[in-house]
Amino acid sequence: MSEKPVISASGLSLVFATHDGPVHALSNINLDIHEGEFVSLIGPSGCGKTTLLRVIADLEQPTAGTITVNGMTPHQARERRAYGYVFQQAALFPWRTIAANVGLPLEVMGLDKAEAQRRVKENIALVNLAGFEKKHPWQLSGGMQQRASIARALAVEPAMLLMDEPFGALDEIVRDHLNEQLLKLWAKTKKTVVFVTHSIPEAVFLSTRIVVMSPRPGRIHEIIDCNLGADRPLEIRETLEFQRIAQQVRDGLRAGHSYDD
Amino acid sequence: MKSAGHTSSLFHRAAPVTLILLLLVAAWYVAAYALNAPYQRDLNARQGVTVTTGELVAQTMRQQKPTMPAPHQVAETLWKTTFGVPVTSRRSLVYHAWVTLSSTLLGFVFGTLLGVVIAVGITHVPALDRSFLPWIITSQTIPMLAVAPMIIVILAAVGVTGLIPKALISTYLSFFPVAVGMVKGLRSPEVMHLDLMHSYDASSWQTFWKLRVPASVPYFFTSIKVAIAASLVGAIVGELPTGAVAGIGSKLLAGSYYSQTIDIWAALIAGSVVAMLLVALVDVAGRLTARAMGARPS
Ligand SMILES: Nc1ncnc2c1ncn2[C@@H]1O[C@H](COP(=O)(O)OP(=O)(O)OP(=O)(O)O)[C@@H](O)[C@H]1O
Ligand SMILES: [Mg+2]
């Protein structure tokens, strides 16, 4: 990991000015993420996970510190479509078919029709939604909608995926299934992934590194390495190594939390 | 099985409507008797005829210029003036309805365009947002009946007569619901959808066409439903001060001039039928559009 980091934050802070005074959403964040890493952000509600992801995506502006994405400002990186962003809800446009939803970013980019069609087809197949191209979002289950939204993010062919609790609203079985699929996808495409979650097993199962955050002010409490190897069946969660890392994350979360009780 | 279920559900829906209609007609007959009886008694007394209650009731239902015409009198006039005369005749209600309808539609199209343009302006130019809306609201607080004659007179002075002045009054009444509804519609996209477009580095033009416009479609149909009814009112009101010779408004005016109460009521009902048809038409167009846009059938 000697090459330059894809995402590099140093001394990053963000204070929201609200009616009840300032909210320190992020405080002195130092974090380097390298190409091909799968980094999870985990922490209690309000610790700034979403805010950090949004700063990387140039959807929010930091109030102090610096951040670079691919060596550029987040703004420049966004203009070059450096990332695909997956929201907690699928956020599909209800009046568009699944295929048209997946093709939306490509339309915005002004890609030529044939290439756009190829990418739409390819990414819909990748998330196992082949055959649902002409359906509208309401005709799909929540899990299928979220898969469509992942296909939409992938269609941009970004080197980086930013995912904010993409499976948070789904039941456990669907979630397990999508976790496996995401992992395969990551192994296949070598994309850099920044993934926000509330679930310890999800974080341990997916990540190469886990960033444990704590609230008020939002900050990084601990960074835990987690390399369970490229090939991870769901059963890996029964292994001792998995349990050990999960325990480490749990301890980190507890320690981070005890500051304000 | 299936068709039987369908028929019975149709029956369940039609039954209450029919019942209310029957009750209304019954109440109308009672009112007709109550309102026409004093004059009839007077008349009978002056002519020195004595009648039974039954005869009195019958008399109140067939006066030439009743205070309150009975339903069958209005129905008869409606029938005769709708189907009994050629539609090109000045006695035809269809002819008059068409005259009113044409200025309604013209005014409605103008009003809808104007409303949409204003809404786009308000949602895209912050200065307009603050300065424009209060004026638009004020414009609607001015009583139409007072403004209509002025518009007609001023336009006539500059040589504009006929369809346009009436249509402009419809425009005046119909742009407002469209402007207000479309401002709401164009602002209806969720923050998440806007963030999504932002993450694609979409231009505001792209966000407008790909997100704001489609999101505003249901709001559009809701507001033009109100706008088309307002346009019809505008067209009728516009016919009153012009001394128009044609149109539902002119029938109302002529009817009241000559105390032809039956004609007035027939014209009123013709007006409501046109209004109902127009609103229903917009409603159907809205549903078809929603279906074409893949909305979940409700
Ligand atoms: N636009 C905003 N204006 C003001 N305060 C905000 C805004 N967005 C977030 N915050 C505050 O910043 C803090 C961090 O919010 P953030 O959404 O990043 O938390 P989170 O870790 O994603 O929480 P969760 O797990 O509940 O999603 C919270 O206290 C939140 O109230
Ligand atoms: Mg969040």
Side-chain angles (χ1 to χ4, degrees), chain A residues 50 53-61 69 74-111 133-140 149 152-153 155-156 158 160-166, chain B residues 112 116 119-120 123-124 126 178 181-225 282-298:
Chain A
T50 297
L53 210 61
R54 287 173 63 85
V55 170
I56 298 170
D58 188 43
L59 295 172
E60 217 78 74
Q61 303 307 318
V69 178
H75 182 79
Q76 291 166 327
R78 176 171 63 80
E79 284 178 337
R80 286 170 179 71
R81 279 105 181 183
Y83 65 84
Y85 198 104
V86 180
F87 294 85
Q88 181 160 2
Q89 277 104 50
L92 301 169
F93 290 2
W95 53 84
R96 282 178 173 249
T97 61
I98 297 306
N101 265 294
V102 174
L104 172 70
L106 309 179
E107 274 174 38
V108 173
M109 288 160 67
L111 224 60
E133 288 86 351
K134 295 209 167 73
K135 298 267 188 256
H136 281 272
W138 64 268
Q139 293 167 299
L140 270 60
S149 90
R152 180 180 59 188
V156 181
M160 185 168 35
L161 272 181
L162 306 176
M163 308 179 88
D164 191 358
E165 298 191 51
Chain B
T112 303
V116 169
V120 171
T123 47
H124 282 77
V178 177
M182 284 304 284
V183 165
K184 209 167 165 212
L186 292 171
R187 285 189 177 150
S188 67
E190 297 167 41
V191 177
M192 211 186 283
H193 285 161
L194 290 167
D195 279 347
L196 188 74
M197 292 304 278
H198 187 64
S199 81
Y200 301 149
D201 198 37
S203 64
S204 46
W205 181 250
Q206 287 173 321
T207 305
F208 179 74
W209 283 112
K210 293 184 195 300
L211 177 55
R212 292 188 189 276
V213 168
S216 72
V217 167
Y219 294 83
F220 176 73
F221 280 101
T222 308
S223 37
I224 64 168
K225 219 186 283 183
V282 171
D283 195 57
V284 168
R287 279 169 205 273
L288 289 178
T289 309
R291 186 170 315 165
M293 287 175 72
R296 174 181 225 145
S298 47

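By convention in this document, chain letters (A, B, ...) are assigned in the order of the sequence lines, proteins followed by strands, and residues within each chain are numbered from 1.
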Classify the ring geometry of B:W205 against B:W209: parallel below 30°, tilted from 30° to 60°, perpendicular beyond 60°. perpendicular
Interface residue of largest heavy-atom contact number with chain B, from A:H75, A:R96, A:E79, under 4.5 Å: A:E79
So, the side chain of B:D201 versus the backbone of A:R78: is there a donor-acceptor pair under 3.5 Å, distance only? no
I'd like to know if the side chain of A:W138 reaches the main chain of B:G294, judged simply by a donor and an acceptor atom lying under 3.5 Å from each other, with no hydrogens or angles considered. yes
Heavy-atom pair count under 4.5 Å with chain A, highest-scoring of B:A290, B:S203, B:P214, B:P189: B:P214
Applying a strict 4.5 Å limit to non-hydrogen atoms, the region of A:A57 in contact with chain B is neither
Name the member of B:M197, B:Q206, B:H193 that forms the most heavy-atom pairs with chain A at distances under 4.5 Å. B:H193
Which heavy atom in B:G185 sits nearest to a heavy atom in B:S216, and how many Å separate them? C-CB, 3.4 Å
Relative to chain B, which segment of A:Q139 carries a heavy atom at a distance below 4.5 Å: side chain, backbone, both, or neither? neither
Which portion of B:A295 sits near chain A, non-hydrogen atoms under 4.5 angstrom: backbone
Heavy-atom contact with chain A under 4.5 Å, split by part of B:A215: both
Interchain contact, A:R54 with chain B, by part (heavy-atom threshold 4.5 Å): side chain
Closest non-hydrogen atom pair, A:V86 against A:P166: CG1-CB, 3.8 Å
Between A:P137 and A:N101, what is the shortest heavy-atom contact and its length? CG-ND2, 3.8 Å
Taking side chain as everything from C-beta outward and backbone as N, CA, C, O, which of these in A:L92 sits under 4.5 Å from a heavy atom of chain B? Side chain, backbone, both or neither. backbone
Counting neighbours of CZ on B:R291 that are heavy atoms of other residues, nucleotides or ligands and sit closer than 6.0 Å, is the number greater than 12? no
